[in-house]
Visitor: 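Structure in structure tokens, see below.
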2 protein chains.
Amino acid sequence: MQLRGPVEWALHCCAVLAGLAPGRYLPTRDLADFHGVPKEYLSKALQALSQAGIVESTLGPSGGYRLARAPDRITFLDVVEAVEGRTPSFVCTNIRRNNPCLSPAEVKSLCTDAKPCAIARVMWDADRAWRDKL
Amino acid sequence: MQLRGPVEWALHCCAVLAGLAPGRYLPTRDLADFHGVPKEYLSKALQALSQAGIVESTLGPSGGYRLARAPDRITFLDVVEAVEGRTPSFVCTNIRRNNPCLSPAEVKSLCTDAKPCAIARVMWDADRAWRDKL
DNA sequence: ATCCTTAAGGATATTGTATATCCGCAATGC
DNA sequence: GCATTGCGGATATACAATATCCTTAAGGAT
């Protein structure tokens, strides 16, 4: 279970943008050169940040990106979730229901929304603890 | 960032083995049938658990797996790390060092073991919080 | 002793996702 | 008008996850 390159890039880009002079924009090319990462691919991560409302952009010469709000109002979680998505790190596929010994009625009562299995609960708690730290 | 099928299987297998009569073994085939997952692939996860000393195995008829110690001495983290590995969820690739504006001396002083960059520190703290919950 | 069963581990095929690039479009500033 | 830039779609490539197969060695039953 590992976070991808784009997440690291997005975090560092935000750090750079946080130090940018007010009103200025920084284009993708500069951010890419600055970090030594592929410009076109980094662009995807920046677009995700843009759609999440973390950064805002302007077109044309002297265009680029800047933070959409004060740095202290942007959390690591904001950036990570914008790029990586919001799906929890553990997905319960209800494999307990595959037990061939169970009757259909028993299957239906397993891992319902009201009472997820204990394993999923623990994994989800840990996932929440992780996100709370970001 | 998502945990894979084998991790979920391993957790459920340990749960099943925890309810096994003392001294008994449960073969891979039964665990696979019970959970409706491919036997050969599940076998790899069980081998990982075995190598980690979480379960122990016996060959021959009536062979299979059982827990190597009491269930309350096996944590979720033990199982997850045995199957998924121990590499942290965030890996710092030191992209700050790629900055073409930096002198070689400055590059060397960035993201050293003694003083990793602030971003990596936060991500590692979150990773630790996640593992502490497991 | 022989045969069946089982885990262990290597090799390999298949699938899927991450990575990376390219192109056309629309908007901005000169 | 023109160069620049972000945006989104489409597509190619690389790599990891998934899944299966096969051989080996060991335990148990007859």
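A note on names: the letters A, B, ... follow the listed sequences, proteins ahead of strands, and every chain is numbered from 1. What you see is a predicted model, and the numbers here were worked out from it, not measured in a lab.
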Visitor: Report the distance from atom SG of B/Cys13 to atom CD1 of A/Ile95, rounding to the nearest 0.5 Å.
Guide: 7.0 Å

Visitor: Can you measure A/Leu3 atom CG to C/dA18 atom P for me and round it to whole angstrom units?
Guide: 12 Å

Visitor: Output a table of donor-acceptor pairs, distance under 3.5 Å, between side-chain atoms of residues 76-88 of chain B and any protein atom two or more places apart or on a different chain; print 'none' if there are none.
Guide:
| unit_1 | atom_1 | unit_2 | atom_2 | d |
| --- | --- | --- | --- | --- |
| B/Asp78 | OD1 | B/Thr75 | OG1 | 3.3 |
| B/Asp78 | OD2 | B/Arg69 | NH2 | 3.2 |
| B/Asp78 | OD2 | B/Thr75 | N | 3.0 |
| B/Asp78 | OD2 | B/Thr75 | OG1 | 3.1 |
| B/Glu81 | OE2 | B/Arg131 | NE | 2.9 |
| B/Glu84 | OE2 | A/Met1 | N | 2.5 |
| B/Arg86 | NH1 | B/Glu81 | O | 3.3 |

Visitor: Let's see if you get this right: which residues in residues 15-38 of chain A place a heavy atom under 4.0 Å from DNA chain D?
Guide: A/Pro27, A/Thr28, A/Arg29

Visitor: Starting at atom CD1 of B/Ile95, determine the distance to atom P of C/dT19, rounded to an integer number of angstrom.
Guide: 13 Å

Visitor: ring-ring contact (aromatic ring centres under 6.0 Å, His included) with A/Trp130: which residues, sequence neighbours excluded?
Guide: none

Visitor: Using whole Å, what does the distance between atom P of nucleotide C/dA7 and atom CD of B/Glu56 come to?
Guide: 14 Å

Visitor: Working to the nearest 0.5 Å, report the span between CZ of A/Arg4 and CD of A/Gln2.
Guide: 6.5 Å

Visitor: Just verifying a value: how many Å separate A/Leu11 CG and A/Ile74 CD1, rounded to the nearest 0.5 Å?
Guide: 11.0 Å

Visitor: On DNA chain D, does the nearest nucleotide to A/Gly64 precede the nearest nucleotide to B/Lys39 from the 5' side, or the other way round? Give the residue.
Guide: A/Gly64

Visitor: Look at the side-chain heavy atoms of Ile, Leu, Val, Met, Phe, Trp and Tyr, link any pair under 4.5 Å apart, and say whether B/Trp9 and A/Trp124 land in one connected group.
Guide: yes

Visitor: With a 3.5 Å cut-off and heavy atoms only, can you find an N or O donor on one side and an acceptor on the other between the side chain of A/Gln47 and the base of D/dG6?
Guide: no

Visitor: Take the protein atom CG of A/Leu46 and the nucleotide atom C1' of D/dG8, then report the distance between them rounded to whole Å.
Guide: 14 Å

Visitor: What closest approach, in Å, do B/Leu42 and B/Thr28 show between heavy atoms, and which atom pair accounts for it?
Guide: CD2-O, 4.2 Å

Visitor: How many whole angstroms separate atom CZ of B/Arg66 from atom C1' of C/dA7?
Guide: 14 Å

Visitor: With a 3.5 Å cut-off and sequence neighbours excluded, list the donor-acceptor pairs that the side chains of residues 46-61 of chain A form with protein atoms.
Guide:
| unit_1 | atom_1 | unit_2 | atom_2 | d |
| --- | --- | --- | --- | --- |
| A/Gln47 | NE2 | A/Ser43 | OG | 3.1 |
| A/Glu56 | OE2 | A/Arg66 | NE | 3.0 |
| A/Glu56 | OE2 | A/Arg66 | NH2 | 3.2 |
| A/Thr58 | OG1 | A/Tyr25 | OH | 2.9 |

Visitor: Send over the distance from A/Tyr41 OH to D/dT11 P, rounded to a whole Å.
Guide: 19 Å

Visitor: Which pairs pass salt bridge (charged side-chain N to carboxylate O under 4.0 Å, His left out) with one or both residues in residues 30-55 of chain A, sequence neighbours excluded?
Guide: none

Visitor: Expressed in angstrom and rounded to an integer, what is the separation of B/Met1 atom CE from D/dA17 atom C1'?
Guide: 17 Å

Visitor: What one-letter contact string describes nucleotides 22-29 of chain C from 5' to 3', where B marks a base within less than 4.0 Å of any protein heavy atom, S marks contact via sugar-phosphate atoms alone, and - marks no contact?
Guide: B----BBS

Visitor: Classify B/Ser50 by what it touches in the nucleic acid, base, sugar-phosphate, or nothing, heavy-atom distance under 4.0 Å.
Guide: sugar-phosphate

Visitor: Just call it for B/Gln51: base, sugar-phosphate, or nothing, with non-hydrogen atoms closer than 4.0 Å on any strand.
Guide: sugar-phosphate

Visitor: Nearest whole angstrom, please: distance from the P of D/dA16 to the CZ of B/Arg4.
Guide: 12 Å

